[in-house]
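So you know, we letter chains A, B, ... as the sequences are listed, proteins then strands, and number each from 1. Being a predicted model, the structure only gives us computed values, none of them experimental.
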Number of protein chains: 2
Amino acid sequence: MPEVPHGVTTGDALLKVLSALGNPHRMRIVAALLENRNYVSALAREIGMGRPLLHMHLQRLEAAGLVTGTRELAEDGKTMKYYDVTPFVYELTPHVIARAAATLTGTGDGPGDDTAGRTTGRPDRGAQEDAEEEAK
Amino acid sequence: MPEVPHGVTTGDALLKVLSALGNPHRMRIVAALLENRNYVSALAREIGMGRPLLHMHLQRLEAAGLVTGTRELAEDGKTMKYYDVTPFVYELTPHVIARAAATLTGTGDGPGDDTAGRTTGRPDRGAQEDAEEEAK
DNA sequence: GGCACCCGTCAAAGATTTCTGACACATCTC
DNA sequence: GAGATGTGTCAGAAATCTTTGACGGGTGCC
């Protein structure tokens, strides 16, 4: 609603999101965090997974902008990192994919350049295609 | 939108879609096919990729229901396999992921554990979450 | 001091996925 | 026949992702 500015997602960004979500464990992590946020160790116990592993998965999810970690201080002084799910909204359609593919860095025939491109930097915004006409 | 029956996508099915799309080459393939359908060898030439490789990618995409291959007979008798992009529509949100995660087979705690992913069967069905009561 | 809990990281195994170079088959044309 | 095109498959290398078992640091409590 107020969020989701709208569809200016880089190919690279979308790629990160898709490959991040394309993993059973990571899906499960998102599910668990959606039900209730919590910190790494607890989450690890909840879904039965080693801390190092979970850590790495969370990192991947955060890099894709799907979850965010915040360092919080418990009452007894323990520092714990809580993770929350980002309210992302991505609409996947052939067009969206095609458009994203056009801005892929790496092996692309990108529009002219190959310098680690136009990643909006910190985009964790959802992708929304505004309806438009596409002569094809 | 007559299509998009509405969100009855298996976790496994969604997982396939996401991991299929989470690959630069495959995104590019979808993009190329969206612009104009064509057959394997030609496509391979167009995007500069070995036939065996492309074949495998197409298979992955088709398994996810994102493209469909049809065997057609050219005028000179050559049999060629044309590929088309399926007009899929998937909406990715934390909820969709969570719900999908609940029906994952494999290492899941799935409610009932079904033998194999049961998709709508039909290739071009998208996943749509209909807004419903969900207070978190 | 011990113990519990929290946070992180590293290096090496293990399992997948990706990619390549053959090979098989078919048809039509020269 | 040899050559062009098309289809598909297979086995093995190469690269990547996943997973594990140490380690390191920190705090507070008995």
Side-chain angles (χ1 to χ4, degrees), chain A residues 12 15-30 33 37-64 66-84 104 106-108, chain B residues 12 15-30 33 37-64 66-84 101 104-108:
Chain A
D12 287 344
L15 184 57
K16 255 189 206 163
V17 171
L18 293 176
S19 55
L21 253 28
N23 174 297
H25 279 182
R26 261 167 253 144
M27 276 174 99
R28 208 142 11 210
I29 291 176
V30 171
L33 285 181
R37 70 201 288 275
N38 66 24
Y39 57 98
V40 188
S41 291
L43 182 57
R45 242 166 297 150
E46 185 183 325
I47 59 182
M49 173 186 296
R51 261 55 51 77
L53 222 199
L54 176 59
H55 193 273
M56 177 254 190
H57 282 311
L58 283 173
Q59 207 157 290
R60 222 146 154 37
L61 286 170
E62 186 165 31
L66 301 172
V67 303
T68 47
T70 28
R71 193 171 247 84
E72 276 170 50
L73 213 68
E75 320 187 329
D76 49 343
K78 302 263 178 78
T79 317
M80 35 234 319
K81 194 160 190 183
Y82 275 83
Y83 275 93
D84 288 275
L104 278 179
T107 315
Chain B
D12 287 343
L15 184 56
K16 255 188 206 162
V17 171
L18 293 176
S19 55
L21 253 29
N23 173 298
H25 279 182
R26 260 167 254 146
M27 276 174 100
R28 209 145 8 214
I29 290 175
V30 170
L33 285 180
R37 71 201 288 273
N38 66 24
Y39 57 98
V40 187
S41 292
L43 181 57
R45 240 166 298 151
E46 185 182 325
I47 59 184
M49 173 186 298
R51 262 55 51 77
L53 222 199
L54 175 59
H55 193 273
M56 176 254 183
H57 281 311
L58 284 172
Q59 207 158 290
R60 223 146 155 34
L61 286 171
E62 186 165 30
L66 301 172
V67 304
T68 46
T70 26
R71 193 171 245 85
E72 277 171 49
L73 212 70
E75 315 188 332
D76 51 343
K78 302 261 178 79
T79 315
M80 36 234 319
K81 195 160 190 182
Y82 275 83
Y83 274 92
D84 289 274
L104 278 180
T105 77
T107 315

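Applying the 4.0 Å criterion to OP1 and OP2 of dT7(D), one finds that H55(B) has every side-chain N and O outside that range. Phosphate contact (OP1/OP2 of dT17(C), side-chain N/O of H25(B), threshold under 4.0 Å): absent. Regarding contacts with the backbone of dG6(D), every side-chain N or O of K81(B) stays at 4.0 angstrom or more from both OP1 and OP2.
Between G50(A) and T79(B), the residue whose closest nucleotide on DNA chain D is further toward the 5' end is T79(B).
Counting to the nearest Å, the C1' atom of dC17(D) and the CE atom of M49(A) are 14 Å from each other. In this structure, L58(A) atom CG and dT18(D) atom P are separated by 13 Å, rounded to whole Å. Residue D76(B) contributes atom CG, which lies 17 Å from atom P of dA26(C) at whole-angstrom precision. We find that OH of Y82(B) is positioned 13 Å from P of dG8(D), with the value rounded to whole Å. When rounded to the nearest whole Å, the span between CE of M80(A) and P of dC6(C) equals 6 Å. Counting to the nearest Å, the C1' atom of dT18(D) and the CG atom of N23(A) are 8 Å from each other. Rounded to whole Å, the distance from CD on E75(A) to C1' on dC29(D) is 15 Å. For the pair R71(B) CZ and dA26(C) P, the computed distance is 14 Å after rounding to whole Å.
Here the nucleotide nearest the side chain of Q59(B), chosen from dT7(D), dA22(D), dT9(D), is dT9(D). In this structure, of dC17(D), dT9(D), dT7(D), it is dC17(D) that holds the atom nearest to the side chain of R26(A). Closest to the side chain of R60(B), out of dA22(C), dT18(C), dT7(D), is dT18(C). Comparing dT9(D), dT18(C), dT9(C) by their nearest atom to the side chain of M56(B) picks out dT18(C). Of the candidate nucleotides dC6(C), dT18(C), dT18(D), dT18(C) has the atom nearest to the side chain of L53(B). You'll find that the side chain of Y39(B) is closest to dT7(D), out of dC7(C), dT9(C), dT7(D). When each of dG6(D), dT20(D), dC19(C) is scored by its nearest atom to the side-chain atoms of S41(B), the top-ranked nucleotide is dG6(D). Taking every side-chain heavy atom of R45(B) into account, dT5(D) is the closest of dT5(D), dT9(D), dC19(C). In the set dC10(D), dG28(D), dT19(D), dT19(D) carries the atom at the smallest distance from any side-chain atom of H57(A).
Between Y83(A) and E62(A) the shortest side-chain heavy-atom distance falls below 4.5 Å. Residues R28(A) and L104(B) form a side-chain contact, since some pair of their non-hydrogen atoms from C-beta on lies under 4.5 Å apart. Within the 4.5 Å cutoff, no side-chain heavy atoms of L21(B) are placed close to those of L15(A). By the 4.5 Å heavy-atom criterion applied to side chains, E46(A) and N38(A) are counted as neighbours. Between I47(B) and L54(B) there is a side-chain heavy-atom pair separated by less than 4.5 Å.
Across L66(B), L43(B), N23(B), a single residue satisfies side-chain contact (heavy atoms from CB on, under 4.5 Å) together with I29(B), and that is L43(B).
Residue-level contact check: R51(A) touches neither bases nor backbone, having no heavy atom under 4.0 Å from any strand. Within 4.0 Å of K78(A), counting heavy atoms only, lies at least one base atom of the nucleic acid.
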List every contact pair, protein side and nucleotides 13-16 of chain C side both N or O, where the distance is under 3.5 Å.
none

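Ion pair E72(B)/K78(B) not flagged as a salt bridge, since none of the NZ, NE, NH1 or NH2 atoms sits closer than 4.0 Å to an Asp/Glu carboxylate oxygen.
A distance of 4.0 Å separates CZ in R37(A) from CG in D84(A), rounded to the nearest 0.5 Å.
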